[in-house]
Amino acid sequence: MTLAESNSARADTKHATRHFKLHSDGLDPESTLDGGQAFRWWRVPDSEDAPTYDGVIGSTAVRVTAVYDSAGVDIAVEVRSDDAPTGFQAIVTDYLGIGSDISELRSHFADDPCIGPAIAGFSGLRLLRQDPWECLVSFICSSTSNIPRIKLNVNSIARELGQRVGSGDADFTFPAPDVIAGTGEQFLRDLGLGFRAKYVIPAAEAVACGGLDLFALREASYYEARATLVRLVGVGEKIADCVLAFSLDKSEAFPVDRHIRRALERWYGLPEGINNSKASDFARERFGRFGAVAQQYMFHRERLSQRANWGGDHTVHALPEDR
DNA sequence: GTCCAGGGTGAAA
DNA sequence: TTTCACCCTGGA
């Protein structure tokens with residue numbers, strides 16, 4: 001759903017349910033919402049017992065909590081905006097990737113040297129289905145950056161140019177392409193985007209004028225969609241693959257960055273120094289339509305292995321267990 | 001305080 | 001195919 005659609009839907013209902021639960025089959029909010037797919041989710045302080053995140057989906061501010069009950073882990077959603085669009089429960093379900101069958105990934109790759117142990121010990125990581133425009137800008141911002149800074153940049157854009165939809169510090173919509181296009185490169189530089197500012201503006205103009213229809217890429221083939229995205233200045237294969245995987249339904253996309261390349265070299269014997277494009281080809285060949293989710297498990301594992309308290313033996317024992 | 005790495009890309013060599 | 005500049009923030 002586009003921002004415009006969600007805004008018009010919003011006018012229809014003023015009385016959406018403010019609290020609801022979703023059967024998520026064990027979704028883990030931390031790794032899914034704050035694991036590097038999306039950059040506008042914030043951990044609610046002191047929520048160790050029930051990991052809780054605040055964020056905005058479309059034009060609605062929400063609070064997402066992992067609930068542990070007798071039926072297993074489930075997800076509780078609280079609407080923090082004044083109202084929510086019709087069918088908001090379905091919108092959240094869609095956004096969170098609930099319904100994707102993780103058991104199929106397990107059965108196919110249980111014996112995989114890298115992600116086998118990861119999915120055996122930890123099945124809560126899901127692929128989000130984000131808004132393509134926000135996703136595109138987020139990953140343009142990711143170039144030679146780090147996750148804290150990407151979050152800073154993307155949230156600065158929302159705070160300065162989006163509409164307020166809640167009382168929290170980060171409760172803003174992500175601004176539409178024409179709004180961003182109307183500001184200019186210097187404005188984004190002043191927000192701290194650095195050289196990435198000169199990539200965001202042309203992308204915003206292309207989407208705003210209709211020259212680039214991001215939603216149409218959901219219907220296109222993987223290679224066709226990737227070729228389209230890569231035409232944007234500042235969007236190479238890695239960033240295109242992230243947008244394709246996290247917002248455009250391309251489950252075979254396999255973004256390769258320095259971490260993933262290192263993992264592929266270590267676990268699958270790829271020659272050291274192989275270029276990212278070839279590494280991505282190898283992974284797509286190996287993982288097929290599970291590429292995108294496999295890459296997330298790989299990325300998650302690499303991140304954990306770098307944290308001191310997770311040790312460095314890279315075994316299943318170094319991974320968090322299902323609760 | 002300094003130093004350095006960080007979910008890359010595009011242009012030049 | 002390889003090398004380098006591009007911005008600048010957070011953490012060591």
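Keep in mind that what you see is a predicted model, and the values were worked out from it rather than measured. Order of the sequence lines sets the chain letters (A, B, ...), proteins ahead of strands, with each chain counted from 1.
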Does [X] reach a base, just sugar-phosphate, or nothing at all? Heavy atoms under 4.0 Å.
| X | value |
| --- | --- |
| A/K151 | nothing |
| A/S142 | sugar-phosphate |
| A/L232 | sugar-phosphate |
| A/V256 | nothing |
| A/G36 | base |

Inset, instruction - Give, ordered by number, those residues of residues 186-199 of chain A having at least one heavy-atom distance below 4.0 Å to an atom of DNA chain C; if nothing qualifies, reply none. - result: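 Heavy-atom cutoff 4.0 Å gives A/R189, A/G194, A/F195, A/R196, A/K198.
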Polar contact flag, side-chain donor to acceptor under 3.5 angstrom, [X]-[Y]:
| X | Y | value |
| --- | --- | --- |
| A/R106 | A/S123 | yes |
| A/Y222 | A/D241 | yes |
| A/D28 | A/S31 | yes |
| A/D112 | A/Y297 | no |

Give every pair of a protein N or O atom and an N or O atom of nucleotides 2-5 of chain C that lie under 3.5 Å apart, one pair per line with the distance.
none

Inset, instruction - Could you work out the separation of C/dC7 and B/dA12 based on their P atoms and round it to a whole Å? - result: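 Comparing P positions in C/dC7 and B/dA12 gives a spacing of 15 Å.
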Inset, instruction - Take atom CZ of A/R261 and atom P of B/dG8, then tell me their distance rounded to the nearest Å. - result: 11 Å
Inset, instruction - Compute both the distance and the angle, then confirm whether A/R262 meets the cation-pi test with A/W267: under 6.0 Å from the six-membered ring centre, within 45 degrees of the axis. - result: no
Legend entry - Pi-cation contact, A/W41 with A/K151 (under 6.0 Å, within 45°): no
Legend entry - NZ/NE/NH1/NH2 to OD/OE distance under 4.0 Å, A/R164 and A/D171: no
Legend entry - Nearest-nucleotide 5' precedence on DNA chain B, A/C242 against A/R231: A/C242
Legend entry - Within 6.0 Å of CG in A/D101, more than 12 heavy atoms from elsewhere: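 Atom CG in A/D101 is packed in, count exceeds 12.
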Legend entry - Output field: ring centroids A/F282/A/F287 closer than 6.0 Å: no
Inset, instruction - For DNA chain B, produce a single dot-bracket line, 5' to 3'. Pairs: Watson-Crick or G-U wobble, both distances under 3.5 Å. Symbols: ( ) within strand, [ ] crossing, | other strand, . unpaired. - result: .|||||.||||||
